[in-house]
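Data block below; observations after.
Heavy-atom basis, side chains included; hydrogens, waters and symmetry copies ignored. Naming convention: chains lettered A, B, ... in sequence-line order (proteins, then strands); numbering from 1 in each chain. The shown structure was predicted, so the numbers you read here are calculated from the model rather than taken from an experiment.
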Amino acid sequence: MLDAMETLTLERAGDVVHLTLNRPDKRNALNYRMCEELIAAMKAVEEDPAVKLVVFRGAGVTFCGGADVHERKGASIDWMRRRRLLAFEAYDAIQRCTRPCISVLHGTVIGSGCGIAIMTDFVVAREGATFRFPEAAIGSVGATQHLPRVIGKAMAKELLFTARFFNCAEALRMGFVNAVLPADGLEEGVAGMVAAISAAPAASLSLFKRRIEEEVHDRQVRAFQDFLAVPAIDEVVP
Amino acid sequence: MLKDFQTVRVTVEDKVATILLNRAEKRNALNYQMCVDLHEAVQLVTEDAEARVVLVRGAGPSFCAGGDGKERVGKSEAWVRDRRMKAFAAYDALQECPKPCIAVAHGPVIGSGGEIAGACDFTIASDKASFRYPETVHGSVGAGQRLARTVGKAMAKDLLFTGRTIDAAEALRIRLVNRVIPHDELEAAVAQLVASIKDNFPLSIELMKKCIDWGTESDLRTGMAYERMAIDRLLATGEWRKGIDNFADKLTNKAG
(Lines give C-alpha, C1' and ligand atoms only; values in the text may rest on other atoms or scores of the structure.)
Protein backbone atom coordinates (compact mmCIF):
# COMPACT_ATOMS: atom_id res chain seq x y z
CA MET A 1 0.00 0.00 0.00
CA LEU A 2 2.86 2.39 0.76
CA ASP A 3 3.85 2.36 -2.90
CA ALA A 4 0.40 3.33 -4.05
CA MET A 5 -0.74 5.91 -1.53
CA GLU A 6 -3.57 8.10 -2.78
CA THR A 7 -4.16 10.30 0.23
CA LEU A 8 -0.81 10.58 2.03
CA THR A 9 2.83 11.15 1.29
CA LEU A 10 5.58 9.70 3.48
CA GLU A 11 9.03 11.19 3.15
CA ARG A 12 12.04 10.02 5.03
CA ALA A 13 14.68 12.66 5.88
CA GLY A 14 17.41 11.05 7.95
CA ASP A 15 15.72 9.61 11.05
CA VAL A 16 12.59 11.77 10.65
CA VAL A 17 9.46 10.76 8.75
CA HIS A 18 7.37 13.57 7.29
CA LEU A 19 3.79 12.35 6.91
CA THR A 20 1.63 14.70 4.85
CA LEU A 21 -2.15 14.43 4.43
CA ASN A 22 -2.38 14.85 0.69
CA ARG A 23 -5.84 15.49 -0.70
CA PRO A 24 -5.41 19.25 -1.12
CA ASP A 25 -8.35 19.54 -3.55
CA LYS A 26 -10.57 18.13 -0.75
CA ARG A 27 -8.93 20.09 2.07
CA ASN A 28 -7.38 16.76 3.10
CA ALA A 29 -10.80 15.51 4.23
CA LEU A 30 -10.47 12.20 6.07
CA ASN A 31 -12.08 9.46 3.99
CA TYR A 32 -12.12 5.67 4.14
CA ARG A 33 -8.96 5.39 2.06
CA MET A 34 -7.05 7.89 4.20
CA CYS A 35 -7.95 5.90 7.33
CA GLU A 36 -6.50 2.77 5.70
CA GLU A 37 -3.40 4.58 4.56
CA LEU A 38 -2.78 6.14 7.98
CA ILE A 39 -2.90 2.65 9.51
CA ALA A 40 -0.46 1.34 6.88
CA ALA A 41 1.83 4.35 7.31
CA MET A 42 2.01 3.94 11.09
CA LYS A 43 2.75 0.25 10.65
CA ALA A 44 5.62 1.12 8.30
CA VAL A 45 6.97 3.60 10.84
CA GLU A 46 6.81 0.96 13.59
CA GLU A 47 8.67 -1.56 11.45
CA ASP A 48 11.53 0.80 10.62
CA PRO A 49 13.92 0.90 13.59
CA ALA A 50 15.81 3.89 12.16
CA VAL A 51 12.80 6.24 12.46
CA LYS A 52 13.04 8.46 15.53
CA LEU A 53 10.23 10.91 14.98
CA VAL A 54 7.14 11.54 12.82
CA VAL A 55 5.94 14.99 11.77
CA PHE A 56 2.33 15.26 10.55
CA ARG A 57 1.38 18.05 8.15
CA GLY A 58 -1.34 18.81 5.60
CA ALA A 59 -0.82 19.80 1.96
CA GLY A 60 -2.58 22.89 0.64
CA VAL A 61 -4.69 25.45 2.51
CA THR A 62 -5.31 23.46 5.69
CA PHE A 63 -3.98 20.59 7.76
CA CYS A 64 -7.36 18.85 7.45
CA GLY A 65 -10.86 20.17 6.86
CA GLY A 66 -12.59 17.30 8.71
CA ALA A 67 -14.24 14.07 7.71
CA ASP A 68 -15.23 13.61 4.08
CA VAL A 69 -19.01 14.07 4.41
CA HIS A 70 -19.62 13.59 0.69
CA GLU A 71 -18.53 9.99 0.97
CA ARG A 72 -21.16 9.47 3.71
CA LYS A 73 -24.12 10.69 1.63
CA GLY A 74 -26.41 7.75 0.98
CA ALA A 75 -24.12 5.37 2.86
CA SER A 76 -25.61 2.48 4.83
CA ILE A 77 -25.45 2.33 8.61
CA ASP A 78 -23.09 -0.62 8.34
CA TRP A 79 -20.75 1.30 6.09
CA MET A 80 -20.85 4.32 8.41
CA ARG A 81 -20.05 2.12 11.36
CA ARG A 82 -17.13 0.49 9.55
CA ARG A 83 -15.82 3.89 8.49
CA ARG A 84 -15.98 5.24 12.06
CA LEU A 85 -14.29 2.16 13.51
CA LEU A 86 -11.60 2.38 10.85
CA ALA A 87 -10.92 6.00 11.85
CA PHE A 88 -10.63 4.87 15.47
CA GLU A 89 -8.14 2.25 14.36
CA ALA A 90 -6.12 4.92 12.54
CA TYR A 91 -6.25 7.24 15.60
CA ASP A 92 -5.14 4.34 17.80
CA ALA A 93 -2.26 3.53 15.47
CA ILE A 94 -1.05 7.14 15.73
CA GLN A 95 -1.46 7.29 19.48
CA ARG A 96 0.25 3.96 20.05
CA CYS A 97 3.19 4.84 17.82
CA THR A 98 6.31 4.21 19.88
CA ARG A 99 8.14 7.17 18.29
CA PRO A 100 7.28 10.77 19.16
CA CYS A 101 4.71 12.30 16.78
CA ILE A 102 4.24 16.04 16.26
CA SER A 103 1.50 17.71 14.24
CA VAL A 104 1.99 21.03 12.52
CA LEU A 105 -1.40 22.65 11.93
CA HIS A 106 -2.37 25.47 9.60
CA GLY A 107 -5.52 26.90 8.10
CA THR A 108 -9.03 25.94 9.16
CA VAL A 109 -8.69 22.63 10.98
CA ILE A 110 -12.00 20.85 11.51
CA GLY A 111 -13.25 17.75 13.36
CA SER A 112 -11.21 14.73 12.28
CA GLY A 113 -8.28 17.06 11.58
CA CYS A 114 -8.29 18.13 15.23
CA GLY A 115 -8.84 14.45 16.06
CA ILE A 116 -5.70 13.32 14.21
CA ALA A 117 -3.67 16.14 15.75
CA ILE A 118 -4.75 15.31 19.28
CA MET A 119 -3.54 11.72 18.83
CA THR A 120 -0.01 12.94 18.24
CA ASP A 121 2.14 13.74 21.24
CA PHE A 122 1.84 17.47 20.80
CA VAL A 123 0.70 20.10 18.36
CA VAL A 124 2.35 23.18 16.87
CA ALA A 125 0.14 25.69 15.06
CA ARG A 126 0.88 28.28 12.43
CA GLU A 127 -0.36 31.74 13.38
CA GLY A 128 -3.87 32.32 12.01
CA ALA A 129 -4.93 28.68 12.24
CA THR A 130 -8.48 28.12 13.53
CA PHE A 131 -10.07 25.02 14.93
CA ARG A 132 -13.55 23.53 15.28
CA PHE A 133 -15.28 20.34 16.47
CA PRO A 134 -18.55 20.38 14.45
CA GLU A 135 -20.08 17.10 15.71
CA ALA A 136 -23.12 18.62 17.48
CA ALA A 137 -23.93 20.79 14.45
CA ILE A 138 -23.96 17.85 12.05
CA GLY A 139 -25.64 15.30 14.33
CA SER A 140 -22.53 13.27 15.06
CA VAL A 141 -20.59 12.15 18.14
CA GLY A 142 -16.83 12.33 18.54
CA ALA A 143 -13.79 13.69 20.37
CA THR A 144 -15.35 12.88 23.75
CA GLN A 145 -12.36 11.03 25.24
CA HIS A 146 -9.02 12.50 24.17
CA LEU A 147 -10.14 16.13 24.07
CA PRO A 148 -11.27 16.41 27.72
CA ARG A 149 -8.08 14.64 28.79
CA VAL A 150 -6.05 17.35 27.07
CA ILE A 151 -8.04 20.55 27.70
CA GLY A 152 -10.28 19.58 30.64
CA LYS A 153 -13.86 18.42 30.82
CA ALA A 154 -15.57 21.81 31.09
CA MET A 155 -13.79 23.36 28.10
CA ALA A 156 -14.25 20.20 26.02
CA LYS A 157 -18.00 20.38 26.66
CA GLU A 158 -18.15 24.02 25.63
CA LEU A 159 -16.34 23.35 22.35
CA LEU A 160 -18.38 20.21 21.59
CA PHE A 161 -21.82 21.56 22.59
CA THR A 162 -21.39 24.86 20.71
CA ALA A 163 -19.40 23.52 17.71
CA ARG A 164 -17.83 26.99 17.62
CA PHE A 165 -14.51 28.03 16.10
CA PHE A 166 -11.57 28.79 18.37
CA ASN A 167 -8.34 30.52 17.46
CA CYS A 168 -4.65 30.00 18.20
CA ALA A 169 -4.61 32.20 21.31
CA GLU A 170 -7.45 30.20 22.86
CA ALA A 171 -5.95 26.91 21.71
CA LEU A 172 -2.68 27.83 23.40
CA ARG A 173 -4.39 28.97 26.61
CA MET A 174 -6.40 25.74 26.91
CA GLY A 175 -3.40 23.53 26.10
CA PHE A 176 -4.76 22.25 22.78
CA VAL A 177 -1.55 23.41 21.08
CA ASN A 178 1.91 23.67 22.67
CA ALA A 179 3.21 26.50 20.54
CA VAL A 180 2.00 29.04 17.97
CA LEU A 181 4.59 30.13 15.43
CA PRO A 182 4.48 32.86 12.76
CA ALA A 183 4.31 31.63 9.16
CA ASP A 184 7.83 32.80 8.33
CA GLY A 185 9.33 31.14 11.42
CA LEU A 186 7.27 27.94 11.35
CA GLU A 187 9.61 25.57 9.53
CA GLU A 188 12.61 26.83 11.47
CA GLY A 189 10.77 26.38 14.77
CA VAL A 190 9.61 22.88 13.86
CA ALA A 191 13.13 21.96 12.69
CA GLY A 192 14.47 23.11 16.06
CA MET A 193 12.00 20.90 17.94
CA VAL A 194 12.71 17.96 15.67
CA ALA A 195 16.48 18.36 16.15
CA ALA A 196 16.11 18.62 19.95
CA ILE A 197 13.93 15.51 20.15
CA SER A 198 15.86 13.36 17.69
CA ALA A 199 19.11 14.15 19.54
CA ALA A 200 17.90 11.78 22.28
CA PRO A 201 18.83 8.08 22.05
CA ALA A 202 16.21 6.08 20.16
CA ALA A 203 15.59 3.65 23.00
CA SER A 204 14.58 6.38 25.42
CA LEU A 205 12.09 7.78 22.89
CA SER A 206 10.02 4.58 23.05
CA LEU A 207 6.86 4.97 25.01
CA PHE A 208 5.46 2.73 27.68
CA LYS A 209 2.15 1.14 26.94
CA ARG A 210 -0.43 1.18 29.62
CA ARG A 211 -1.79 -1.98 31.13
CA ILE A 212 -5.51 -1.95 31.54
CA GLU A 213 -7.40 -3.73 34.28
CA GLU A 214 -9.58 -5.87 32.04
CA GLU A 215 -12.06 -6.69 34.74
CA VAL A 216 -12.71 -3.07 35.68
CA HIS A 217 -12.86 -2.14 32.02
CA ASP A 218 -15.50 -4.75 31.20
CA ARG A 219 -17.63 -3.89 34.21
CA GLN A 220 -17.64 -0.20 33.36
CA VAL A 221 -18.38 -0.82 29.71
CA ARG A 222 -21.32 -3.07 30.59
CA ALA A 223 -22.75 -0.43 32.93
CA PHE A 224 -22.60 2.20 30.17
CA GLN A 225 -24.15 -0.23 27.73
CA ASP A 226 -27.07 -0.72 30.09
CA PHE A 227 -27.35 3.03 30.51
CA LEU A 228 -27.63 3.67 26.76
CA ALA A 229 -29.58 0.46 26.12
CA VAL A 230 -27.20 -0.46 23.30
CA PRO A 231 -27.44 -4.05 22.07
CA ALA A 232 -24.68 -6.51 21.17
CA ILE A 233 -21.64 -5.46 23.20
CA ASP A 234 -19.47 -8.08 21.49
CA GLU A 235 -19.75 -6.17 18.23
CA VAL A 236 -18.74 -2.93 19.85
CA VAL A 237 -15.83 -3.88 22.06
CA PRO A 238 -13.01 -5.49 20.11
CA MET B 1 -43.39 28.16 30.60
CA LEU B 2 -42.98 29.54 34.07
CA LYS B 3 -43.08 27.72 37.37
CA ASP B 4 -42.36 29.23 40.75
CA PHE B 5 -41.18 26.90 43.45
CA GLN B 6 -40.75 28.48 46.90
CA THR B 7 -37.05 29.21 46.39
CA VAL B 8 -36.41 28.52 42.70
CA ARG B 9 -38.03 29.90 39.55
CA VAL B 10 -38.02 27.98 36.28
CA THR B 11 -38.68 29.62 32.92
CA VAL B 12 -38.42 28.19 29.43
CA GLU B 13 -38.28 30.57 26.51
CA ASP B 14 -37.08 30.00 22.95
CA LYS B 15 -35.47 26.61 23.77
CA VAL B 16 -33.60 28.03 26.77
CA ALA B 17 -34.55 26.95 30.28
CA THR B 18 -33.46 29.07 33.22
CA ILE B 19 -33.28 27.71 36.74
CA LEU B 20 -33.10 30.80 38.92
CA LEU B 21 -32.02 30.44 42.55
CA ASN B 22 -34.58 32.82 43.95
CA ARG B 23 -33.91 33.83 47.55
CA ALA B 24 -32.28 37.15 46.73
CA GLU B 25 -32.91 38.47 50.26
CA LYS B 26 -30.70 35.64 51.60
CA ARG B 27 -28.21 35.92 48.73
CA ASN B 28 -29.67 32.62 47.49
CA ALA B 29 -28.30 30.68 50.45
CA LEU B 30 -29.06 27.00 49.94
CA ASN B 31 -31.56 25.78 52.54
CA TYR B 32 -33.53 22.55 52.83
CA GLN B 33 -36.37 23.89 50.70
CA MET B 34 -34.01 25.03 47.96
CA CYS B 35 -32.42 21.56 47.79
CA VAL B 36 -35.87 20.09 47.20
CA ASP B 37 -36.90 22.84 44.79
CA LEU B 38 -33.66 22.68 42.79
CA HIS B 39 -34.06 18.92 42.41
CA GLU B 40 -37.64 19.31 41.16
CA ALA B 41 -36.64 22.17 38.88
CA VAL B 42 -34.01 19.99 37.21
CA GLN B 43 -36.58 17.24 36.68
CA LEU B 44 -38.97 19.78 35.20
CA VAL B 45 -36.49 21.14 32.63
CA THR B 46 -35.30 17.61 31.83
CA GLU B 47 -38.83 16.61 30.93
CA ASP B 48 -39.64 19.84 29.07
CA ALA B 49 -39.44 19.01 25.38
CA GLU B 50 -38.81 22.62 24.35
CA ALA B 51 -35.78 23.17 26.59
CA ARG B 52 -32.49 22.52 24.75
CA VAL B 53 -30.10 24.45 26.99
CA VAL B 54 -30.31 25.01 30.76
CA LEU B 55 -28.92 28.12 32.45
CA VAL B 56 -28.47 28.10 36.22
CA ARG B 57 -28.45 31.61 37.69
CA GLY B 58 -28.91 33.54 40.92
CA ALA B 59 -31.44 36.31 41.62
CA GLY B 60 -30.04 39.56 43.04
CA PRO B 61 -26.34 40.35 43.34
CA SER B 62 -25.09 36.84 44.31
CA PHE B 63 -25.10 33.54 42.47
CA CYS B 64 -25.30 31.72 45.79
CA ALA B 65 -23.88 32.63 49.20
CA GLY B 66 -23.45 29.00 50.27
CA GLY B 67 -25.34 26.75 52.67
CA ASP B 68 -27.89 28.50 54.88
CA GLY B 69 -26.05 28.35 58.24
CA LYS B 70 -28.91 29.96 60.17
CA GLU B 71 -31.35 27.17 59.43
CA ARG B 72 -28.97 24.63 61.03
CA VAL B 73 -28.97 26.31 64.45
CA GLY B 74 -30.43 23.92 67.05
CA LYS B 75 -30.93 21.11 64.54
CA SER B 76 -30.05 17.46 65.24
CA GLU B 77 -27.22 15.58 63.52
CA ALA B 78 -29.88 13.50 61.75
CA TRP B 79 -31.52 16.65 60.36
CA VAL B 80 -28.21 18.10 59.18
CA ARG B 81 -27.31 14.79 57.54
CA ASP B 82 -30.68 14.63 55.80
CA ARG B 83 -30.23 18.21 54.58
CA ARG B 84 -26.78 17.38 53.21
CA MET B 85 -28.12 14.29 51.39
CA LYS B 86 -30.91 16.41 49.86
CA ALA B 87 -28.27 18.80 48.54
CA PHE B 88 -26.21 15.93 47.11
CA ALA B 89 -29.29 14.56 45.40
CA ALA B 90 -29.98 17.97 43.82
CA TYR B 91 -26.36 18.33 42.62
CA ASP B 92 -26.44 14.80 41.20
CA ALA B 93 -29.70 15.48 39.37
CA LEU B 94 -28.17 18.59 37.81
CA GLN B 95 -25.02 16.74 36.81
CA GLU B 96 -27.02 13.90 35.28
CA CYS B 97 -29.39 16.17 33.36
CA PRO B 98 -29.19 15.03 29.72
CA LYS B 99 -29.24 18.63 28.48
CA PRO B 100 -26.31 21.02 28.52
CA CYS B 101 -26.32 22.96 31.81
CA ILE B 102 -24.36 26.19 32.13
CA ALA B 103 -23.82 28.17 35.34
CA VAL B 104 -23.84 31.96 34.95
CA ALA B 105 -21.67 33.39 37.73
CA HIS B 106 -22.51 37.09 37.84
CA GLY B 107 -21.48 37.61 41.49
CA PRO B 108 -20.17 35.68 44.50
CA VAL B 109 -20.24 31.88 44.26
CA ILE B 110 -19.67 30.42 47.71
CA GLY B 111 -19.63 26.87 49.11
CA SER B 112 -22.78 25.10 47.99
CA GLY B 113 -22.98 27.63 45.16
CA GLY B 114 -19.69 26.23 43.90
CA GLU B 115 -21.14 22.74 44.05
CA ILE B 116 -24.20 23.81 42.06
CA ALA B 117 -21.99 25.49 39.44
CA GLY B 118 -19.63 22.50 39.52
CA ALA B 119 -22.49 20.12 38.78
CA CYS B 120 -23.18 22.12 35.60
CA ASP B 121 -21.21 21.34 32.46
CA PHE B 122 -19.28 24.59 32.67
CA THR B 123 -19.40 28.12 34.05
CA ILE B 124 -19.35 31.48 32.30
CA ALA B 125 -18.44 34.31 34.70
CA SER B 126 -18.62 38.08 34.99
CA ASP B 127 -15.35 39.82 35.86
CA LYS B 128 -17.10 40.79 39.10
CA ALA B 129 -17.70 37.17 40.12
CA SER B 130 -15.73 35.67 42.99
CA PHE B 131 -15.40 32.14 44.31
CA ARG B 132 -14.88 30.74 47.79
CA TYR B 133 -15.06 27.33 49.44
CA PRO B 134 -15.45 28.10 53.17
CA GLU B 135 -15.99 24.53 54.38
CA THR B 136 -12.92 24.32 56.64
CA VAL B 137 -13.60 27.80 58.06
CA HIS B 138 -17.06 26.64 59.16
CA GLY B 139 -15.93 23.21 60.36
CA SER B 140 -17.74 21.47 57.51
CA VAL B 141 -16.73 19.03 54.79
CA GLY B 142 -17.65 19.34 51.12
CA ALA B 143 -16.67 20.18 47.55
CA GLY B 144 -13.83 17.65 47.63
CA GLN B 145 -14.84 15.69 44.55
CA ARG B 146 -16.12 17.93 41.75
CA LEU B 147 -13.71 20.77 42.54
CA ALA B 148 -10.62 18.53 42.52
CA ARG B 149 -11.66 17.07 39.17
CA THR B 150 -12.03 20.55 37.68
CA VAL B 151 -9.04 22.46 39.05
CA GLY B 152 -6.75 19.57 40.04
CA LYS B 153 -6.02 18.06 43.43
CA ALA B 154 -3.40 20.53 44.59
CA MET B 155 -5.39 23.66 43.74
CA ALA B 156 -8.57 22.21 45.25
CA LYS B 157 -6.68 21.62 48.49
CA ASP B 158 -5.35 25.19 48.41
CA LEU B 159 -8.89 26.58 48.06
CA LEU B 160 -10.44 24.21 50.61
CA PHE B 161 -7.75 24.41 53.30
CA THR B 162 -7.53 28.22 53.20
CA GLY B 163 -11.15 29.12 52.51
CA ARG B 164 -9.78 32.11 50.60
CA THR B 165 -11.70 34.16 48.05
CA ILE B 166 -10.48 34.11 44.45
CA ASP B 167 -11.46 36.59 41.76
CA ALA B 168 -12.69 35.78 38.26
CA ALA B 169 -9.23 36.10 36.70
CA GLU B 170 -7.79 33.47 39.02
CA ALA B 171 -10.85 31.27 38.49
CA LEU B 172 -10.17 31.42 34.73
CA ARG B 173 -6.49 30.64 35.18
CA ILE B 174 -7.22 27.52 37.28
CA ARG B 175 -10.03 26.52 34.85
CA LEU B 176 -12.79 26.77 37.42
CA VAL B 177 -14.63 28.85 34.78
CA ASN B 178 -14.42 28.65 31.00
CA ARG B 179 -14.77 32.34 30.26
CA VAL B 180 -14.69 35.71 32.03
CA ILE B 181 -16.75 38.51 30.49
CA PRO B 182 -16.84 42.22 31.42
CA HIS B 183 -19.85 42.55 33.75
CA ASP B 184 -21.86 44.81 31.43
CA GLU B 185 -21.41 42.43 28.52
CA LEU B 186 -22.30 39.23 30.40
CA GLU B 187 -25.91 39.01 29.17
CA ALA B 188 -24.86 39.45 25.54
CA ALA B 189 -22.19 36.78 25.93
CA VAL B 190 -24.68 34.37 27.54
CA ALA B 191 -27.17 35.02 24.73
CA GLN B 192 -24.50 34.32 22.13
CA LEU B 193 -23.40 31.16 23.93
CA VAL B 194 -26.90 29.67 24.15
CA ALA B 195 -27.58 30.67 20.54
CA SER B 196 -24.63 28.55 19.43
CA ILE B 197 -25.94 25.49 21.31
CA LYS B 198 -29.74 25.50 21.12
CA ASP B 199 -30.08 24.59 17.42
CA ASN B 200 -27.46 21.83 17.45
CA PHE B 201 -28.57 18.19 17.48
CA PRO B 202 -29.85 17.41 21.02
CA LEU B 203 -29.00 13.70 20.81
CA SER B 204 -25.42 14.48 19.72
CA ILE B 205 -25.03 16.78 22.70
CA GLU B 206 -26.64 14.37 25.15
CA LEU B 207 -24.47 11.46 24.02
CA MET B 208 -21.28 13.51 24.02
CA LYS B 209 -22.09 14.83 27.51
CA LYS B 210 -22.54 11.30 28.82
CA CYS B 211 -19.43 10.04 27.03
CA ILE B 212 -17.36 12.83 28.58
CA ASP B 213 -18.84 12.42 32.07
CA TRP B 214 -18.50 8.64 32.10
CA GLY B 215 -15.28 8.64 30.09
CA THR B 216 -13.34 11.03 32.30
CA GLU B 217 -14.12 8.75 35.25
CA SER B 218 -12.68 5.77 33.34
CA ASP B 219 -9.46 4.79 31.65
CA LEU B 220 -9.08 5.89 28.03
CA ARG B 221 -9.76 2.50 26.45
CA THR B 222 -13.01 2.20 28.38
CA GLY B 223 -13.89 5.75 27.38
CA MET B 224 -13.36 4.90 23.72
CA ALA B 225 -15.72 1.94 24.12
CA TYR B 226 -18.33 4.38 25.48
CA GLU B 227 -17.86 6.58 22.41
CA ARG B 228 -18.23 3.62 20.04
CA MET B 229 -21.48 2.68 21.77
CA ALA B 230 -22.73 6.27 21.57
CA ILE B 231 -22.01 6.26 17.83
CA ASP B 232 -24.01 3.04 17.46
CA ARG B 233 -26.83 4.59 19.44
CA LEU B 234 -26.75 7.64 17.17
CA LEU B 235 -26.57 5.63 13.94
CA ALA B 236 -29.62 3.66 15.05
CA THR B 237 -31.78 6.83 15.03
CA GLY B 238 -31.19 8.10 11.49
CA GLU B 239 -30.66 11.66 12.79
CA TRP B 240 -27.06 11.54 11.63
CA ARG B 241 -28.19 11.20 8.02
CA LYS B 242 -30.06 14.51 8.22
CA GLY B 243 -26.95 16.22 9.55
CA ILE B 244 -24.70 14.74 6.88
CA ASP B 245 -27.08 15.67 4.07
CA ASN B 246 -27.46 19.26 5.34
CA PHE B 247 -23.73 19.63 5.74
CA ALA B 248 -22.80 18.07 2.41
CA ASP B 249 -25.40 20.22 0.61
CA LYS B 250 -24.05 23.34 2.30
CA LEU B 251 -20.51 22.47 1.22
CA THR B 252 -21.69 21.75 -2.32
CA ASN B 253 -23.56 25.07 -2.51
CA LYS B 254 -20.52 26.91 -1.19
CA ALA B 255 -18.25 25.20 -3.71
CA GLY B 256 -20.75 25.83 -6.52
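Closest heavy-atom contact between B:Leu220 and A:Gln95: CD2-NE2, 3.5 Å. Across every non-hydrogen atom of B:Ser204 and A:Glu135, the tightest pair is OG-O, 3.8 Å. When all heavy atoms of A:Phe161 and B:Lys209 are compared, the closest pair comes out as CZ-CB, 3.6 Å. Looking at every heavy atom in both residues, A:Gly139 comes nearest to B:Leu234 through O-CD2, 3.0 Å. Summarising the geometry of B:Ile231 relative to A:Arg84, their closest heavy-atom pair is CD1-NH2, 3.2 Å, with the distance given to 0.1 Å.
Interatomic distance, OG1 of B:Thr150 versus CE of A:Met155, reported as 12.0 Å (0.5 Å rounding). Of the inter-residue distances, the one linking B:Met224 atom CE with A:Phe88 atom CZ reads 4.0 Å to the nearest 0.5 angstrom. We find the CD-CZ distance between A:Glu170 and B:Arg179 to be 7.0 Å, quoted to the nearest 0.5 Å. Atoms CD1 and OG1, from A:Ile77 and B:Thr237 in turn, are 8.0 Å apart once rounded to the nearest 0.5 Å. The NZ atom of A:Lys157 sits 11.5 Å away from atom CD1 of B:Ile197, with the distance rounded to the nearest 0.5 Å. B:Tyr226 OH to A:Gln145 CD: the interatomic distance, rounded to the nearest 0.5 Å, is 8.5 Å.
Using a 4.5 Å cut-off between heavy atoms, A:Arg72 touches chain B through backbone and side chain atoms alike. Residue contact with chain B, scored on non-hydrogen atoms closer than 4.5 Å, involves the backbone of A:Ala143 exclusively. For chain A, the nearby parts of B:Leu235 are the backbone and the side chain; heavy atoms of each come within less than 4.5 Å. Contact of B:Lys198 with chain A is not made at all, since no heavy-atom distance falls under 4.5 Å.
Checking side-chain atoms of B:Asn178 against main-chain N and O of A:Ala154 turns up a donor-acceptor pair under 3.5 Å. Judged by distance alone, with hydrogens and angles left aside, the side-chain atoms of B:Arg175 form a donor-acceptor pair with the main-chain N or O of A:Met174 at under 3.5 Å. Of the possible polar contacts, none joining the B:Arg241 side chain to the A:Lys73 backbone as a donor-acceptor pair under 3.5 Å is found.
The 12-atom threshold is not exceeded at NZ of B:Lys128, counting heavy atoms of other residues, nucleotides or ligands nearer than 6.0 Å. The number of heavy-atom neighbours closer than 6.0 Å to CD of B:Glu96, taken from other residues, nucleotides and ligands shown, is above 12. With a 6.0 Å radius and a threshold of 12 heavy atoms from other residues, nucleotides or ligands, B:Gln43 has its CD atom above the threshold. Within 6.0 Å of NZ in A:Lys26 there are 12 or fewer heavy atoms belonging to other residues, nucleotides or ligands. Remark: B:Glu50 CD is packed, more than 12 non-hydrogen atoms of other residues, nucleotides or ligands lying under 6.0 Å away.
Among A:Pro148, A:Gly152, A:Ala163, A:Ser140, the residue making the largest number of heavy-atom pairs under 4.5 Å with chain B is A:Ser140.
A donor atom on one side chain and an acceptor atom on the other are found under 3.5 Å apart for A:Thr144 and B:Glu227.
Between A:Leu160 and B:Ile212 there is a side-chain heavy-atom pair separated by less than 4.5 Å. Between A:Phe224 and B:Cys211 the shortest side-chain heavy-atom distance falls below 4.5 Å.
Under a 4.0 Å N-O distance rule, the pair A:Lys153/B:Asp121 does not qualify as a salt bridge.
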